[in-house]
Amino acid sequence: MKFNTKTIHGGQEHDKAYGAVMPPIYQTSTYAQSTPGGHKGFEYSRSQNPTRSALENALASIENGNFGLAFGSGLAAIDAVMKLLNPGDEVISTNDLYGGSYRLFTSIFERFGIKFHFVGMENAANIENYVNDNTKLIWVETPTNPMMNIIDIKAAAKIAKKHDLILTVDNTFATPYLQQPLDLGADIVMHSATKYLGGHSDVVMGALVVKDKDLADKLYFIQNASGAVCGPQDSFLVLRGIKTLHIRMQRHCENGRAVAEYLNNHPKIENVYWPGFESHPNHDIAKSQMNDFGGMVSFTTKGNSYEDAIKIVENLKVFTLAESLGGVESLAGHPASMTHASIPKEEREKTGVVDSLIRLSVGIEDEADLLEDLKQAIG
Ligand SMILES: *Cc1c(COP(=O)(O)O)cnc(C)c1O
């Protein structure tokens, strides 16, 4: 089955009870048993729920995995991955990564005795310098947030295989429409389904997909034992979102390209970060591991003034100033005052999060309206 069919049919079967074409929202916590243990595969909705199962099967299908697991948020999914580890274990993580992942690693899991190395992985060979006997897991986010760095997943997978490490890829920005990490050698794919998979900014959810049965069993045990599952209504919404993922992503990519090129030619704009440019340092890797370049674009203004950037995001009318990304509507964010405000200026500037950096999640509106909006806002 091709990807554009999988988004609609992958892992899905019609409802057994009445043949409903869309899986019903099984708004139930428990299931009747005929005799103790005599049930139809569903006992209690933390453990299993038919709407969640339908979603989990769809997730496995679109990521070319065998097992999908859905969680109450992206961070809950990451939390489950980290619970595979024990005190004393070490993780090698991308340095330019989602702020919430960084906070979870350093503020919670470091307290439980797990050590994190935050490493620039634009040159994947760099990863190997941090491998020692305690290393258990490599955490890759690509493209990165908000600098749009690209990490070579195949090269990271080679290092993971050589040292028997678990390679996890946060595939939130790319989605399986653009990039399929399991096929490139990753062991676990992670999503904030809140973003492109849900796609309509109306739900918070996380997901994991794996190929290996053993790993799936361990993660399922954690999902059930820790309990950070998502509800049936949210499962329904994300399943519905996935059905249009391919056509939404196609338009996100087209509009993303138009916005990136427009900004790149604008006299008041200094740098534009988008992996589709031939001048992007890892453009060749992006081209080889992604089918297109996505709808996320970051940029800085000439003079790098904090006030100028604030004015631009306040002036935008079609783009909404808001956290998050990946919805049908275009959003703009100012990392230095929003997502990265808690990181000291010196620290954030090391990874490129300067005062005038603006991050755009380019939506699927008409391209002309988006360009016109940027034009009037930048002035
Ligand atoms: C949003 C996001 C997360 C966290 O997901 P939530 O659903 O907000 O918990 C993790 N990684 C990336 C890349 C994200 O954008």
Side-chain angles (χ1 to χ4, degrees), residues 52 55 59 63 68-83 91 93-109 116 118 121 137-151 153 168-179 181 186 188-209 223 226-231 234-235 237-238 241-242 245 249 252 256 273 275 290 294-298 322-327 331-333 335 338-340 342-343 351 353 359-363:
R52 197 178 90 213
L55 169 67
L59 291 165
E63 282 287 5
L69 300 107
F71 294 83
S73 70
L75 282 172
I78 301 173
D79 180 85
V81 173
M82 290 303 147
K83 284 175 177 161
V91 175
S93 165
T94 307
N95 62 348
D96 174 36
L97 90 163
Y98 178 70
S101 310
Y102 179 81
R103 182 179 56 198
L104 177 64
F105 294 167
T106 55
S107 304
I108 297 187
F109 283 101
F116 293 85
F118 296 96
M121 295 184 176
L137 190 140
I138 302 174
W139 187 272
V140 166
E141 187 179 315
T142 182
T144 65
N145 176 24
M147 297 312 298
M148 307 305 294
N149 291 320
I150 299 290
I151 294 158
I153 298 172
T168 304
V169 175
D170 182 337
N171 205 27
T172 301
F173 270 36
T175 83
Y177 175 80
L178 296 178
Q179 163 176 293
I188 305 176
V189 175
M190 175 263 151
H191 276 280
S192 169
T194 312
K195 317 293 169 54
Y196 287 106
L197 296 188
H200 296 75
S201 305
D202 52 10
V203 62
V204 171
M205 190 189 285
L208 301 175
V209 180
Q223 182 194 38
S226 282
V229 295
C230 52
D234 287 353
S235 299
L237 285 172
V238 172
I242 287 173
L245 177 67
M249 286 310 292
H252 281 297
Y273 302 97
M290 299 171 76
M296 298 300 297
V297 180
S298 298
E323 309 269 2
S324 201
L325 61 112
L331 301 180
M338 295 164 75
T339 44
H340 292 61
S342 59
I343 305 173
T351 55
V353 183
R359 189 193 77 179
L360 301 177
S361 169
V362 182

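Every number for a ligand or one of its atoms is a count from 1 in the order of the listing. All values reported here derive from a predicted model rather than from experimental measurement.
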(Q) Would you say that L245 contacts P176 through its side chain, given a criterion of any heavy-atom pair below 4.5 Å between the two side chains? (A) yes

In ligand 1, the atoms that come under 4.0 Å of a heavy atom of L325 are 15 (O)

For this session: Starting from the C-alpha separation in whole Å, work towards a yes-or-no answer on side chain to side chain contact (heavy atoms under 4.5 Å, CB included) for Y196 and M296.
Result: CA-CA 11 Å; Y196 287 106; M296 298 300 297; 3.5 Å; yes

If we number the atoms of ligand 1 from 1 as shown, the ones under 4.0 Å from a heavy atom of S73 are 7 (O), 9 (O)

A student checking ligand 1 against S192 at a 4.0 Å heavy-atom cut-off should list atoms 1 (C), 2 (C), 3 (C), 4 (C), 5 (O), 6 (P), 7 (O)

Atom 12 (C) of ligand 1 sits nearest the protein heavy atom D170 OD2, 3.4 Å

In ligand 1, the atoms that come under 4.0 Å of a heavy atom of M205 are 7 (O)

In terms of its nearest heavy atom to atom 14 (C) of ligand 1, the top option of E323, K195, M296, H191 is K195

Determine, using ring centers only, whether F105 and W139 are less than 6.0 Å apart.
-> yes

Could you tell me whether K195 sits above the aromatic face of Y98, with NZ or CZ closer than 6.0 angstrom to the six-membered ring centre and within 45 degrees of the axis? yes

So CG of N149 and OG1 of T94: to nearest 0.5 Å the spacing works out to 9.0 Å

| Close side-chain approach of F173 to M148, heavy-atom, < 4.5 Å | yes

closest protein heavy atom to atom 4 (C) of ligand 1 is Y98 CE2, 3.3 Å

The protein heavy atom nearest to atom 6 (P) of ligand 1 is G74 N, 3.3 Å

Counting heavy atoms under 4.0 Å, the part of L97 that contacts ligand 1 is neither

heavy-atom search around atom 7 (O) of ligand 1 in the protein gives T194 OG1, 2.7 Å

Taking the side chain as every heavy atom from C-beta outward, state whether Q179 and T142 have any pair of such atoms under 4.5 Å apart. yes

If we number the atoms of ligand 1 from 1 as shown, the ones under 4.0 Å from a heavy atom of E141 are 13 (C)

Rounded to the nearest 0.5 Å, the CG atom of N171 sits from the OH atom of Y177 at a distance of 14.0 Å

Checking heavy atoms under 4.0 Å, the part of L75 that sits near ligand 1 is both

